[in-house]
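This report concerns only the one structure given below.
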Amino acid sequence: QVPLVESGGGLVQAGGSLRLSCVASGRTFSTYAVGWFRQAPGKEREFVSVISRGGARITYADSVKGRFTISRDNAKNMVYLQMDNLKPEDAAIYYCARSKLLVAGKGASDYDYWGQGTQVTVSS
């Protein structure tokens with residue numbers, strides 16, 4: 001069973017919105033922090049946002065602060081990334097990842113399982 005599966009990607013015009021979802025398998029979802037990363041063609045994977053186990057601690061990359069909102073519903077094993085006012089530079093494959101760390105950071109090494117990704121395309 002795949003630990004994490006993303007959905008919700010698609011094509012949107014600049015200024016539009018998308019909501020990405022990440023569903024986790026298993027009964028221990030609430031014991032993991034969950035982060036979102038993205039990777040554009042020819043670029044390295046970069047941190048987008050992370051939410052702590054209970055949702056009280058949230059961090060965003062400066063590039064998305066004020067436009068993206070991360071949230072989670074532990075009863076449904078779901079994490080969401082609401083993306084508003086999308087820009088062409090937001091286009092990438094978006095990945096969710098889980099971390100056992102009490103405080104998960106921006107480094108990919110903090111995360112042990114990754115989803116397969118969902119494509120986000122933003123037209124100008």
Side-chain angles (χ1 to χ4, degrees):
Q1 197 171 12
V2 178
L4 298 168
V5 178
E6 306 92 338
S7 63
L11 172 63
V12 65
Q13 287 188 333
S17 298
L18 283 174
R19 189 176 82 154
L20 305 184
S21 298
C22 173
V23 61
S25 61
R27 300 180 179 179
T28 60
F29 176 69
S30 61
T31 66
Y32 295 97
V34 176
W36 285 96
F37 288 74
R38 66 187 182 187
Q39 188 167 18
K43 295 188 177 181
E44 294 185 354
R45 188 170 298 189
E46 66 172 350
F47 168 81
V48 175
S49 182
V50 60
I51 188 167
S52 62
R53 300 168 182 178
R57 186 192 298 265
I58 289 173
T59 303
Y60 295 102
D62 288 342
S63 58
V64 307
K65 203 171 293 182
R67 299 187 299 120
F68 290 12
T69 304
I70 192 171
S71 61
R72 68 188 296 162
D73 184 340
N74 285 343
K76 297 181 179 179
N77 279 18
M78 296 288 293
V79 172
Y80 306 99
L81 185 68
Q82 177 67 39
M83 306 187 296
D84 298 318
N85 191 21
L86 282 160
K87 304 176 180 180
E89 53 263 41
D90 294 319
I93 299 174
Y94 282 71
Y95 301 89
C96 64
R98 73 178 197 191
S99 173
K100 292 184 178 181
L101 298 178
L102 181 61
V103 180
K106 302 179 179 181
S109 60
D110 285 358
Y111 302 83
D112 58 356
Y113 277 100
W114 296 74
Q116 295 300 305
T118 185
Q119 177 73 53
V120 171
T121 304
V122 183
S123 64
S124 57

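From a predicted model like this one, the values you see are computed outputs, not experimental measurements.
Atom CG of Leu81 and atom OG1 of Thr118 lie 11.0 Å apart (nearest 0.5 Å). Taking OG from Ser30 and CZ from Arg72, the interatomic distance works out to 7.5 Å, rounded to the nearest 0.5 Å. With values rounded to the nearest 0.5 angstrom, Tyr94 atom OH is found 11.0 Å from Ser49 atom OG. In this structure, Arg19 CZ and Met83 CE are separated by 11.5 Å, a value rounded to the nearest 0.5 Å. Interatomic distance, Ile51 CD1 to Tyr80 OH, rounded to the nearest 0.5 Å: 11.0 Å. For the atom pair CZ of Arg67 and OG of Ser17, the computed distance is 10.0 Å after rounding to the nearest 0.5 Å.
The two residues Tyr113 and Pro3 make their nearest non-hydrogen contact at CD2-CG, 3.6 Å. Counting all heavy atoms, side chain and backbone alike, Ala92 lies closest to Ala40 at CB-N, 3.8 Å. Nearest approach of Pro88 to Ala14, heavy atoms of both residues: CD-CB, 4.1 Å.
Residue Tyr60 is grouped with residue Val34 when hydrophobic side chains (ILVMFWY) are merged at heavy-atom distances under 4.5 angstrom, including chains of intermediate members. Note: the hydrophobic cluster containing Leu86 also contains Ile70 (ILVMFWY, side chain heavy atoms under 4.5 Å, direct or indirect links). Put simply, Val122 and Leu20 are part of the same group of oily side chains (I, L, V, M, F, W, Y) that touch within less than 4.5 Å, one to the next. Tracing side-chain contacts under 4.5 Å through hydrophobic residues (I, L, V, M, F, W, Y), one reaches Phe68 starting from Val120; they form part of the same cluster. At a threshold of 4.5 Å between side-chain heavy atoms, the hydrophobic network of Ile, Leu, Val, Met, Phe, Trp and Tyr places Val64 and Tyr111 in two separate groups.
Formation of a donor-acceptor pair under 3.5 Å by the Glu6 side chain with backbone atoms of Gly117 is found in this model. For Asn77 (side chain) and Ala24 (main-chain N/O), a donor-acceptor pair under 3.5 Å exists by modelled atom type.
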Stepwise side chain to side chain contact (heavy atoms under 4.5 Å, CB included) test for Ser123 and Gln13: CA-CA 5 Å; Ser123 64; Gln13 287 188 333; 3.6 Å; yes
Determine, stepwise, if the pair Val50 / Asp110 fulfils side chain to side chain contact (heavy atoms under 4.5 Å, CB included). CA-CA 11 Å; Val50 60; Asp110 285 358; over 6 Å; no
Begin from the C-alpha positions of Lys87 and Asp90 and carry the test salt bridge (Lys or Arg N to Asp or Glu O under 4.0 Å) through to its verdict. CA-CA 5 Å; Lys87 304 176 180 180; Asp90 294 319; over 6 Å; no
Could you walk me through whether Ser21 and Lys76 pass the side chain to side chain contact (heavy atoms under 4.5 Å, CB included) test, one step at a time? CA-CA 11 Å; Ser21 298; Lys76 297 181 179 179; over 6 Å; no
Kindly determine whether Arg53 and Leu102 satisfy side chain to side chain contact (heavy atoms under 4.5 Å, CB included), including the steps that lead there. CA-CA 8 Å; Arg53 300 168 182 178; Leu102 181 61; 3.9 Å; yes
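At least one test fails for Arg45 against the ring of Phe37: distance under 6.0 Å to the centre or angle within 45° of the axis.
Inter-residue side-chain proximity for Tyr32 and Lys100 is flagged as met; some heavy-atom pair is nearer than 4.5 Å. Within the 4.5 Å cutoff, the side chain of Asp112 has heavy atoms near those of the Arg98 side chain.
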